[in-house]
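A note on names: the letters A, B, ... follow the listed sequences, proteins ahead of strands, and every chain is numbered from 1. A quick note: this is a predicted structure, and the numbers were derived from the prediction, not measured.
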Amino acid sequence: MNKTPFYITTAISYVNGVPHLGHAYEIILTDVMARFKRLDNHDVYFLTGTDEHGEKVAKTAEKNGVTPKEFADKNAATFIKMTETLNISNDDFIRTTQPHHHLAAQAMWEKLHANGDIYLGKYEGWYSVREEAYFTEDELITVPETKERITPNGTEAVWVEEESYFFKLSKYTDILLKFYENNPDFIQPSTRRNEIISFVKQGLKDLSISRHKDRLSWGIPVPNDENHVMYVWLDALTNYLTGIGFPDEASETYKKYWPANYHVIGKDITRFHAIYWPAFLLAAQIETPKTIWAHGFINVHGQKMSKSIGNVLSPDGLVETYGLDQIRYFLMREIPHGQDGNFGHEQAINRINADLANGLGNLAQRTLSMIYKNCDQQIPDHGDFTESDKALLDNVYTLMLKNVRIVMNDFKVHRALEEIWRVVGDANAYIDEQAPWALRKQNPERMKTVLYVLSDVIRCLAIIIQPVVPQSAQSMLDQLKISADERDFAMISSDYAMKPGTDIDKPQGVFPRLTVEEAAA
RNA sequence: GGGCCUGUAGCUCAGUUGGUUAGAGCAGUCCGCUCAUAACGGAUUGGUCGCUGGUUCAAGUCCGGCCAGGCCUACCA
């Protein structure tokens, strides 16, 4: 069977800090799409990693009295650990400090150079030593008496000039505008696309892509110039190529997976991905990725996450409090696609209990319990299906997956879950309508058919929720004795329906109900 | 200042190219059920679709203005 290649990435995390809820959200979102496509007959490659060079890392390392490499190693480890904690199915974890990435970034540089898009110039501007940042002319206030330039934060800015290599980004202003026009799906959602287009329309300035070694040595050396290291964005963005074999453009993985289907990123770094990246690639004569997907941010109890407020949530803590699949589900269900969302304890408890414990979890538990107790601990045989049976099954076999695919194509995971939970509701309504507990005495054969139908509905639900709650779905499928090779979306069909006579074990609830005490934790 | 986005029931969200009495889930209320994780089902309360003009036979859906919230406006990533 020929599978369609599908390459998806997260942004690489900057190792100046440690993982928080925002990182968790991005990587879970990407993981869900990767798993979804794998189950839907795609050959998926999923890349994530860390961005480790640059001034901030060098400075922070110095403050901590360690080398940049030691510091990066330490923090990169926390991001690697997060992929394990969150059960992320990435195929590789790239670190920009890896030797093969250095080769890739340098190869990228050479390509830009060969295309005539790199030149040595001077980077000049107003720099605040205190704030370690450059400011544009119009951001500064001139003190009339002294003619001193003051930043909005009140620190002094001085004019500095520094030798630097530049990328001829200005040359790409019109080319990019045309590119966006011809590739309307390149930047999503559209609000981000609009922002980028209006930004580019103002005209692009050339981009400084190196730093002199005297100022910054923690980076990838510029080819053929010992005195410079590459500036981080050219370095960082190239990771998407490195991860699949670049600069070996003849490699199997590179040929198969490039161009990427999705770069999933936070909305704050849209510009780098939607302007610099395609410009670099066009200059290097490499194909551009299909879509830059910019997600929103998550507020905590209505407030921006920040160290000063002290409301920064750690992935570990969240998993501890709510459970891994629970937190995955909450984030995917409650954060609308591409928009900012909110995280609240009460909100999380409500959502998790209502949908997972009371909804799907209870549906599986009540059904399997009845089968276990009333059908000799095995999947019952069934008689002819009634109209109600057929309606429910047909809905599950055809409509559910179809609708879910449609919304997942737009990366609307929260809508996909809504579609799936509609079926959970249907199934619970079906049980009450059929009342198998009453049939037990009146019509045991009919009871068996009803329970059989339900078992197959649960099978299909468990299959389709695998991307979002992989462990719990696995537990459900294990309890139904579905073999590992019968868990693809292609098996959501009557052709793979439950086999009567299959022995089952004593059922165990997959989604425990969270108590109020846990909410207070 | 310029540009973009959002504003639909208490809460979180759906509402295709404008077309019958505006939907779902959660929360609330009432009734039912007892297989199940005191879970489930049914019914029901609740909205002048931010405000205001206009286009149209017809607007949550198009256009103008206003109000509120948010975001972008280049080298920290």
Using a 4.0 Å heavy-atom cut-off, does A:R193 contact any base of the nucleic acid, only the sugar-phosphate backbone, or nothing at all? nothing
Look at the side-chain N and O atoms of A:K373 and state whether any lies under 4.0 Å from the OP1 or OP2 oxygen of B:A36. yes
Looking at A:F330, does the NZ or CZ of A:R351 lie under 6.0 angstrom from its six-membered ring centre and within 45 degrees of the ring axis? no
Take the protein atom CD of A:Q339 and the nucleotide atom P of B:C13, then report the distance between them rounded to whole Å. 7 Å
When rounded to whole Å, the CZ to C1' distance for the pair A:F166 and B:A74 reads 12 Å
For A:G361, which contact category applies under a 4.0 Å heavy-atom criterion: base, sugar-phosphate, or nothing? base
Scan every strand shown for a Watson-Crick or G-U wobble partner of B:G41, both distances under 3.5 Å, and answer none if you come up empty. B:C31
With RNA chain B as reference, determine whether A:S190 or A:L356 sits nearer its 5' end, using the nearest nucleotide of each. A:S190
With respect to the phosphate group of B:C26, does any side-chain polar atom (N or O) of A:R351 fall under 4.0 Å of OP1 or OP2? no
From CZ of A:R192 across to P of B:U6 the rounded distance in Å is 11 Å
What about A:H301 and A:F343, are their ring centers closer than 6.0 Å? no
Taking the six-membered ring for Trp, is the centroid-to-centroid distance between A:H53 and A:H101 below 6.0 Å? no
Taking the six-membered ring for Trp, are A:W277 and A:F280 parallel (under 30°), tilted (30 to 60°) or perpendicular (over 60°)? perpendicular
Which part of the nucleic acid, if any, lies within reach of A:S208 when heavy atoms closer than 4.0 Å are counted: base, sugar-phosphate only, or nothing? base
Looking at A:Y14, I'd like to know if the NZ or CZ of A:K56 sits under 6.0 Å from its six-membered ring centre while staying within 45 degrees of the ring's axis. no
Quick one: look up who B:A24 pairs with, Watson-Crick or G-U, both distances under 3.5 Å, and put none if it's unpaired. B:U12
Partner nucleotide, any strand, of B:G1 [Watson-Crick/G-U, under 3.5 Å]: B:U73
Atom CG of A:N16 and atom P of B:C76 are separated, to the nearest Å, by 13 Å
Just name whichever nucleotide pairs with B:G7, Watson-Crick or G-U, keeping both distances under 3.5 Å, else none. B:C67
If you look at every strand shown and take non-hydrogen atoms under 4.0 Å, does A:D426 touch a base, only sugar-phosphate, or nothing? nothing
Looking across every strand, which nucleic acid part, if any, lies under 4.0 Å from A:V510 by heavy atom: base, sugar-phosphate, or nothing? base
Counting Watson-Crick and G-U wobble pairs only, both distances under 3.5 Å, name the nucleotide matched with B:G19, or none. B:C57
Paired with B:G47: which nucleotide, if any, by Watson-Crick or G-U wobble criteria at under 3.5 Å for both distances? none
Answer with base, sugar-phosphate or nothing: what part of the nucleic acid does A:L204 contact at a heavy-atom distance below 4.0 Å? base
Rounded to the nearest Å, what distance is computed from the CD atom of residue A:E433 to the C1' atom of nucleotide B:C35? 16 Å
Say you pick atom C1' in B:C26 and the same atom in B:G18; how far apart are they, in whole Å? 31 Å
What does A:N362 touch in the nucleic acid at a heavy-atom separation under 4.0 angstrom: a base, only the sugar-phosphate, or nothing? base
Between P of B:C13 and CD1 of A:I335, the distance in whole Å: 8 Å
Which residue, A:Q365 or A:A429, contacts RNA chain B at a nucleotide closer to its 5' end, judged by nearest heavy atom? A:Q365
For atom C1', what is the distance between B:A59 and B:U8, given to the nearest Å? 14 Å
Worked check of ring-ring contact (aromatic ring centres under 6.0 Å, His included) between A:H113 and A:Y119: CA-CA 8 Å; A:H113 186 71; A:Y119 64 92; over 10 Å; no
Taking only the C1' atom of each, what is the distance from B:G70 to B:U21 in whole angstrom? 36 Å
Over 60° means perpendicular and under 30° means parallel, so classify the ring planes of A:H23 and A:H20, tilted if in between. tilted
To the nearest Å, give me how far apart CD1 (A:I406) and P (B:U16) are. 15 Å
Between B:U37, B:C33, B:C71, which one does the side chain of A:A357 approach most closely? B:U37
Rounded to whole Å, please give me the gap between CG in A:N428 and P in B:U37. 14 Å
